[in-house]
Amino acid sequence: MGGLCLAAPEGLLSTGVARLAVAALLGFTAACHDLEAVPPGAGEPAAWTVPSVELPTPSGRYDVGRQTLVWNDASRDRMVPLWIYYPAWVSDSTREPVLQDSVWATLHRDEVARSIGPGPAAGLAHLTTTARSDAPIEPAAAPFPVLLFAPGRGWLPTDYSALLEQMASRGFVVVAVAPVGDAAVVRLPDGEVIPTSDASESSYLRTVADLRFIAKTLRTSAGDPAWRFRGMLDLTHVGVFGHGLGGTASFLAAARDTGFSAAANLDGGFLSTAGEAEPLQPLFYLSTQPPGLENATIDRWAVLDRAERRHSEMWNSTRAMSRWSLRAQVIGMSGGNLLDAALMPQEVTQSLHGRVTFGAIDGARGIALTAGLLQAFFQAVFTGSPANFKATSNDFPEARLSY
């Protein structure tokens with residue numbers, strides 16, 4: 001259980017992967033490394049206020065397991081780090097660090113500190129996950145539908161542990177990617193450290209290519225007897241979703257790959273050329289309250305905020321060809337409310353003035369709302385029953401829905 005395991009489905013590295021074609025719109029050997037599973041951050045200066053943060057126990061019917069992998073996309077000479085969260089059987093409540101590689105965790109803590117300050121970053125560095133590494137797969141209800149996830153720029157999938165574990169507990173296998181160069185600092189198993197690069201449109205293209213590579217590799221692996229998840233994945237139902245950059249990339253990936261059944265964008269913006277991307281699949285767009293409009297009704301958001309108006313225009317353009325599209329505008333939420341950081345005490349999140357903003361909604365409530373709407377959306381798509389979404393949405397009066 002301790003340690004980060006690198007693996008690739010047998011035959012993947014020897015056969016290679018076909019080059020991915022991504023429009024202008026927008027060879028290593030498997031090995032295991034035992035890594036010290038010790039939470040970082042010991043000995044922070046006393047002047048720092050380190051808040052207490054704890055991940056809530058997922059509310060779904062399943063326990064949650066997770067596995068860390070790194071795949072190699074030989075066609076792009078690119079490493080693709082993954083966390084897979086899945087329904088599992090866990091016999092006890094022992095928790096482990098969210099990032100088990102203590103060196104990587106320290107690097108990540110320092111990266112996060114630049115966004116939210118050293119005290120809150122240290123608090124998050126002590127987080128322990130409810131998921132169990134390499135836990136036995138839940139055999140009762142397999143195969144499970146698959147969701148691919150991409151984080152916001154400068155974050156890792158582990159910064160969304162509460163959300164991703166919620167989704168796995170509700171019967172999805174979530175394959176979360178850390179796009180190298182666009183996620184937060186990445187430490188590869190050979191010790192190489194890759195920081196976040198400068199933002200550009202190529203960031204979206206890289207993430208789109210990563211998502212398509214993962215989907216293709218999952219399908220290639222399905223018949224491999226050595227593949228741990230063989231028979232567990234329902235690859236006829238594969239959705240894609242993400243936050244920020246990852247959300248925008250999810251819509252673009254759906255536009256370029258009809259193998260994705262549906263796509264969800266969590267508070268991601270739109271490229272200037274994104275209007276040309278018109279996915280046919282069902283789409284879900286969750287957007288948060290613009291800053292400074294706490295006393296304005298939702299109907300006034302686009303009138304009073306230019307960015308909100310542009311997002312609404314681009315959303316209407318993007319969904320023009322979609323078979324079914326849905327938008328949820330959430331009162332009291334901001335971009336930071338999708339992160340585990342939102343679970344810090346509100347007196348901490350409301351006092352932060354960095355690159356990340358947090359709305360007035362309770363942190364756990366915002367994550368539960370997001371997980372509930374995502375579950376309802378993807379289940380509605382996978383079961384062919386969009387009308388069922390409305391019943392679930394009644395549980396979340398903070399969200400105004402438009403179809």
Side-chain angles (χ1 to χ4, degrees), residues 26 60 84-87 143-151 157 160 163-164 166-168 170-177 204 207-216 218-219 233-268 270 274 277-287 314-330 338 369-393 396 399 401-403:
L26 313 160
I84 302 180
Y85 299 83
Y86 57 90
F144 297 98
V146 178
L147 301 178
L148 308 190
F149 172 80
Y160 303 83
L163 176 61
L164 302 185
Q166 280 282 10
M167 298 306 294
R170 298 172 186 217
F172 299 94
V173 173
V174 182
V175 183
V177 61
Y204 298 89
T207 302
V208 168
D210 284 346
L211 292 168
R212 297 185 68 189
F213 165 73
I214 294 166
K216 180 176 180 178
L218 290 173
R219 295 186 175 97
L233 310 182
D234 178 4
L235 295 175
T236 65
H237 294 121
V238 179
V240 59
F241 75 113
H243 175 216
L245 181 153
T248 305
S250 294
F251 276 1
L252 294 172
R256 298 207 157 29
D257 192 335
T258 57
F260 292 118
S261 304
N265 178 349
L266 305 179
D267 209 37
F270 296 87
E278 298 177 344
L280 302 176
Q281 301 96 318
L283 303 176
F284 174 48
Y285 179 36
L286 183 148
S287 59
M314 296 302 293
W315 160 241
N316 287 328
S317 176
T318 299
R319 72 189 184 107
M321 302 299 292
S322 170
R323 294 192 297 273
W324 177 51
S325 60
L326 168 69
R327 184 181 185 184
Q329 294 169 283
V330 187
L338 296 160
L369 177 151
T370 304
L373 293 178
L374 283 171
Q375 176 189 12
F377 168 71
F378 283 115
Q379 284 185 341
V381 173
F382 296 157
T383 62
S385 304
N388 293 342
F389 183 93
K390 294 184 179 180
T392 300
S393 67
F396 305 110
L401 306 178
S402 54
Y403 296 86

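Computed over heavy atoms, backbone and side chain alike; hydrogens, waters and symmetry mates excluded.
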Can you tell me if Gln379 uses its side chain to pair, donor with acceptor, with the backbone of Ser385 under 3.5 Å?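 Not a single qualifying donor-acceptor pair exists.
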
Check: Thr318 side chain, Glu278 main-chain N or O, donor-acceptor pair, under 3.5 Å: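 Flag not set: sc Thr318 to bb Glu278 has no pair under 3.5 Å.
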
Going by the angle between their ring planes, with limits at 30° and 60°, are Trp315 and Phe251 parallel, tilted or perpendicular? parallel

Which distance, rounded to the nearest 0.5 Å, do you find between the [atom1] of [X] and the [atom2] of [Y]?
X: Leu245; Y: Thr207; atom1: CG; atom2: OG1; answer: 4.5 Å
X: Leu252; Y: Arg212; atom1: CG; atom2: CZ; answer: 11.0 Å
X: Thr248; Y: Tyr204; atom1: OG1; atom2: OH; answer: 5.0 Å
X: Tyr285; Y: Ser402; atom1: OH; atom2: OG; answer: 10.5 Å
X: Thr370; Y: Asp267; atom1: OG1; atom2: CG; answer: 9.5 Å

Quick one: closest heavy-atom pair of [X] and [Y], and the distance?
X: Val174; Y: Ala168; value: CG2-N, 4.3 Å
X: Arg323; Y: Pro282; value: NH2-CD, 3.5 Å
X: Leu164; Y: Phe241; value: CD2-CZ, 3.9 Å
X: Tyr85; Y: Pro157; value: OH-O, 4.3 Å
X: Ser250; Y: Gly242; value: OG-N, 3.4 Å
X: Asp257; Y: Gln281; value: O-NE2, 3.2 Å

Using the side-chain contact (heavy atoms from CB on, under 4.5 Å) rule, take Phe389 and Leu401 through it: C-alpha gap first, then chi angles, then the decisive distance, then the call. CA-CA 10 Å; Phe389 183 93; Leu401 306 178; 3.4 Å; yes

Would you please indicate yes or no on a ring centroid separation below 6.0 angstrom for Phe172 and Phe149? no

Sequence neighbours excluded and cut-off under 3.5 Å, please list the side-chain donor-acceptor pairs for residues 258-265, or say none.
from: Ser261; atom 1: OG; to: Val238; atom 2: N; distance (Å): 3.3
from: Asn265; atom 1: OD1; to: Gly268; atom 2: N; distance (Å): 2.7

For Leu163 and Leu266, what are the C-alpha separation, side-chain angles and deciding distance, and is it a side-chain contact (heavy atoms from CB on, under 4.5 Å)? CA-CA 12 Å; Leu163 176 61; Leu266 305 179; 4.1 Å; yes

Suppose we screen for ring-ring contact (aromatic ring centres under 6.0 Å, His included). Which residues come up paired with Phe144, at least two apart in sequence or across chains?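 Phe144 satisfies ring-ring contact (aromatic ring centres under 6.0 Å, His included) with Tyr62 once adjacent residues are dropped.
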
Go through the steps for Leu211 and Val177 under the test side-chain contact (heavy atoms from CB on, under 4.5 Å), then give the verdict. CA-CA 8 Å; Leu211 292 168; Val177 61; 4.2 Å; yes

